[in-house]
Amino acid sequence: MLAARMSRIASSPTMKGLIAAENLRKQGFDVVDLGAGEPDFPTPEHVKLAAKQAIDGNFTKYTANAGTSELKQAICARYRTDYGVDYTEPEVIVTAGGKQALSNTALALFGPGDEVITHAPGWPTIFEQIKLAEAQLVIVRARAENGFTLDAQMFLDAITPRTKGIIINSPSNPTGALIDEEQLAIIARAAAQKGIWVVLDLTYEKLIYEPVPHNLPAVLRRELRDRSVIAGSASKAYAMTGWRCGWTIAPKEVVAACGALQSHQTSNVCSITQKATVAALSGPQEPVTEMLNEYRGRRDKVWEWITADSRIKCVKPNGAFYLFLDISELLSPTGIRTSTEFADRLINESYVVTTGGEAFDAPGFIRVSYANSLERLKEAVDRIQTFVRAMDKVTV
Ligand SMILES: Cc1ncc(COP(=O)(O)O)c(C=O)c1O
């Protein structure tokens with residue numbers, strides 16, 4: 001009944017947790033949600049004010065399909081300040097979140113017969129978007145024992161004559177790992193030689209905890225100017241997930257292709273959101289630092305609490321706001337067999353929402369988001385530990 005392409009993709013696994021949680025809440029249970037990939041903070045006041053002014057000023061009509069000139073300039077200015085790289089307006093298009101930025105890019109660049117390499121554990125939408133573009137998904141694997149670092153060699157080893165693109169997410173969802181500037185430079189140099197596109201998902205670029213070098217835009221500008229794409233987003237940096245604003249920065253032909261796609265799909269991003277994002281990017285950046293400091297404190301606490309049980313292992317993440325827990329020692333053929341089953345039972349029996357590692361192509365793990373208050377995080381960890389102790393009794 002449905003089109004053939006629908007048999008190739010699965011719907012977002014994190015959404016499943018949300019639905020289960022909603023059902024339990026309706027039944028009156030106190031659910032702690034560590035499944036959501038979104039900041040628990042409100043959008044900063046000056047950003048909200050800009051949106052109110054946009055409404056009152058009747059800035060409520062279509063804008064240019066690729067976004068207002070004001071916003072594109074604000075994006076260029078932000079990257080100039082943060083990374084010292086110069087982009088021009090025709091190299092930027094405003095999208096409905098980083099998700100649309102990546103989706104447009106995949107459709108504009110990849111198609112049947114192309115291989116596109118990306119990494120696991122990784123964000124499932126990247127896998128599905130490659131498949132939607134009818135390209136061949138090629139997955140390389142980052143290992144927990146190496147801190148989930150993204151090593152250039154693993155990408156280079158996966159290159160074949162059919163490779164058309166490499167998609168890298170740093171900081172990564174779900175591991176929080178970063179790619180090293182030099183490793184990206186090695187990949188970019190190989191890509192330049194072989195005519196391969198490198199797409200960088202920088203959705204979590206503002207959420208890096210230690211002052212490590214992460215000037216990836218400058219690396220791509222230097223090594224692969226004509227074949228690199230950056231996808232960015234206001235969602236996580238400015239607690240603006242619901243506003244839906246992201247951007248693609250790419251050579252002008254790619255931006256024009258993304259614009260053509262978008263002009264027949266969604267058209268411009270909401271005019272009010274665009275005004276709000278100008279305020280977010282151009283206004284004070286202190287709210288970003290405050291949120292980052294708060295996340296860092298939570299990361300350290302939850303990591304300490306959860307790894308108190310030596311059977312749960314976790315690489316402390318350098319960025320984003322997730323802990324990716326190795327629970328493989330808790331799984332067994334006679335007890336709970338998979339991490340998805342673990343996550344399902346945790347929702348139904350302890351009312352804690354997490355996401356099974358299978359969603360990120362990493363069985364044996366669960367992802368917990370610490371974008372929640374410390375009090376609720378403590379409650380969740382207590383419940384997880386009680387759940388694990390109950391499992392022990394059953395399997396003894
Ligand atoms: C790795 C990664 N990239 C991109 C996105 C897109 O987010 P948005 O569309 O809200 O900008 C997300 C959201 O969870 C993500 O985790």
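One-based numbering, in listed order, for ligands and for the atoms of each.
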Give a yes/no on ligand 1: does [X] have at least one heavy atom closer than 4.0 angstrom to it?
{"X": "Asn169", "answer": "yes"}
{"X": "Arg244", "answer": "yes"}
{"X": "Lys236", "answer": "yes"}

Please list the nearest protein heavy atom to atom 5 (C) of ligand 1 with its residue and the distance rounded to 0.1 Å.
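Scanning the protein heavy atoms, the shortest distance from atom 5 (C) of ligand 1 goes to Trp123 CH2, 3.2 Å.
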With a 3.5 Å cut-off and sequence neighbours excluded, list the donor-acceptor pairs that the side chains of residues 140-147 form with protein atoms.
| unit_1 | atom_1 | unit_2 | atom_2 | d |
| --- | --- | --- | --- | --- |
| Arg141 | NH1 | Asp361 | O | 2.8 |
| Arg141 | NH2 | Asp361 | OD2 | 3.0 |

So is Ser233 polar-close to ligand 1, meaning N/O to N/O under 3.5 Å?
yes
Give yes or no for whether the N/O distance cutoff of 3.5 Å, strictly under, is met between Gly98 and ligand 1.
yes
Answer yes or no: are there more than 12 heavy-atom neighbours, outside Arg25 itself, under 6.0 Å from its atom CZ?
yes
Just wondering, more than 12 heavy atoms not from Lys378 lying within 6.0 Å of its NZ?
yes
Strictly below 4.0 Å, N to O, side chains only: are Arg299 and Glu210 in salt-bridge contact?
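Answer for the salt bridge query: yes.
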Determine, for Arg376 against Asp33, whether the closest basic-nitrogen to carboxylate-oxygen distance falls under 4.0 angstrom.
no
Out of Phe127, Phe148, Trp123, Phe324, which one pairs with Phe360 under the ring-ring contact (aromatic ring centres under 6.0 Å, His included) rule?
Phe324
Contacting atoms of ligand 1, where contact means under 4.0 angstrom from a heavy atom of Ser235
8 (P), 10 (O), 11 (O)
Run the numbers for me: atoms of ligand 1, each under 4.0 Å from some heavy atom of Tyr204, listed by number.
1 (C), 2 (C), 14 (O), 15 (C), 16 (O)
Winner among Leu102, Thr125, Thr203, Asp201 once heavy atoms are compared against atom 1 (C) of ligand 1
Asp201
Give a yes-or-no answer on whether the side chains of Thr289 and Glu286 include a donor-acceptor pair shorter than 3.5 Å.
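Short answer, no.
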